[in-house]
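Below is one structure, written out as structure tokens; comments come after it.
Just so you know, these numbers come straight off a predicted model, no measurement behind them.
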Amino acid sequence: PGGLVVRYVTNTVSSAPHMILQQGTWPFKSALSQQYPLKPYRLSDDVESFVHIFNYLLLRFMKQARRENLSLFVHLLYNDEYVVVDRAGRRLHTGGNEKMGYILTGRTVLEPLNNPTITSLLAELADLCREHYASVDMAAMKKSYGLPTPAPPPKSRAGTNTSAMSRIKRRPGTPGSTTVLTSHPR
């Protein structure tokens, strides 16, 4: 049986050399953990996960200022995920671009109607996350845990690069299909 918030993973090394085990349920992982899947998980990631769960529940159950395309917004905020295959053949799950944008700017993801207490709490949580990310050396994070730069697409017979779209594959069957970006030469 599975839950919405908890996904159990083993702490053993995978028998498949190309897989990287990750902790947490994707929609609620910290933006740093999503952007840098090789980064060690820290207490601050769990605190941020709490903020994402809290925001998600408020988006789902509280009356708020009208937002166009709420379901699309929630999907982009919490389910932005794609897979990069590095030169060693490892599949690295990454994403969280929308989430990262909100955190870096200290914006709240919703505006509750007629509830100044929750509005104030959301603003304080967003500012706390922004302050934490301001203390992170993003250049060092990228250098230590950044994803591999994809290799240029192979040349076609005519001598021009093939389309980047030819290297993108969608996993069928679920909304918001996973994208596989190959970064190794063919």
Side-chain angles (χ1 to χ4, degrees), residues 1-42 44-53 55-56 59 69 71-104 109 129 133 136-156 161-186:
L4 177 65
V5 176
V6 177
R7 181 181 73 191
Y8 294 96
V9 295
T10 62
N11 290 327
T12 60
V13 176
S14 172
S15 61
H18 64 281
M19 298 298 293
I20 295 208
L21 296 176
Q22 297 184 355
Q23 292 180 301
T25 301
W26 184 262
F28 307 115
K29 288 183 76 162
S30 72
L32 278 176
S33 290
Q34 289 179 334
Q35 296 265 310
Y36 301 103
L38 299 175
K39 178 187 93 58
Y41 211 73
R42 303 278 189 239
S44 58
D45 297 309
D46 283 335
V47 172
E48 184 184 329
S49 291
F50 167 79
V51 172
H52 295 307
I53 292 167
N55 285 337
Y56 177 85
L59 281 164
N69 300 316
S71 63
L72 177 61
F73 172 76
V74 169
H75 177 77
L76 290 174
L77 186 64
Y78 294 111
N79 296 308
D80 173 29
E81 177 181 17
Y82 54 97
V83 176
V84 174
V85 180
D86 71 4
R87 293 184 190 279
R90 295 179 301 182
R91 296 168 49 91
L92 304 172
H93 293 255
T94 185
N97 297 326
E98 191 78 18
K99 196 183 288 182
M100 181 67 84
Y102 272 88
I103 291 171
L104 290 175
V109 299
C129 288
Y133 275 48
V136 173
D137 183 344
M138 293 297 188
M141 185 72 64
K142 184 172 184 169
K143 182 178 178 182
S144 297
Y145 308 114
L147 294 174
T149 303
K155 299 274 185 181
S156 71
N161 284 337
T162 57
S163 165
M165 291 303 290
S166 69
R167 299 186 303 128
I168 298 176
K169 302 173 189 168
R170 297 266 179 210
R171 181 185 299 160
T174 59
S177 302
T178 301
T179 302
V180 177
L181 299 175
T182 58
S183 62
H184 52 81
R186 293 183 188 250

Taking Q35 for its side chain and G95 for its backbone only, find out whether a donor-acceptor pair lies under 3.5 Å. yes

Please tell me if the side chains of L32 and M138 come closer than 4.5 Å, counting only heavy atoms from C-beta onward. yes

E81 to W26 - nearest heavy-atom pair and separation: CB-NE1, 3.3 Å

Parallel, tilted or perpendicular, as decided by the 30° and 60° cut-offs, for the rings of Y78 and Y56: perpendicular

Does E48 reach the main-chain N or O of A31 with its side chain, forming a donor-acceptor pair under 3.5 Å? yes

Donor-acceptor pair, distance only, cut-off 3.5 Å: does the side chain of K29 make one with the backbone of D45? no

Can a side-chain donor-acceptor contact be found between Q34 and N97 if the only test is distance below 3.5 angstrom? no

To the nearest 0.5 Å, what is the distance between NE2 (H52) and OG (S30)? 6.5 Å

Quick check for you: to the nearest 0.5 Å, what is the distance between N79 atom CG and K99 atom NZ? 8.5 Å

Identify the two heavy atoms, one from Y145 and one from L38, that lie closest to each other, and give their separation to 0.1 Å. CD2-O, 3.6 Å

C129 SG to Y102 OH distance, which is reported to the nearest 0.5 Å: 14.0 Å

Quick one: does M100's side chain get under 4.5 Å of D80's, heavy atoms only? no

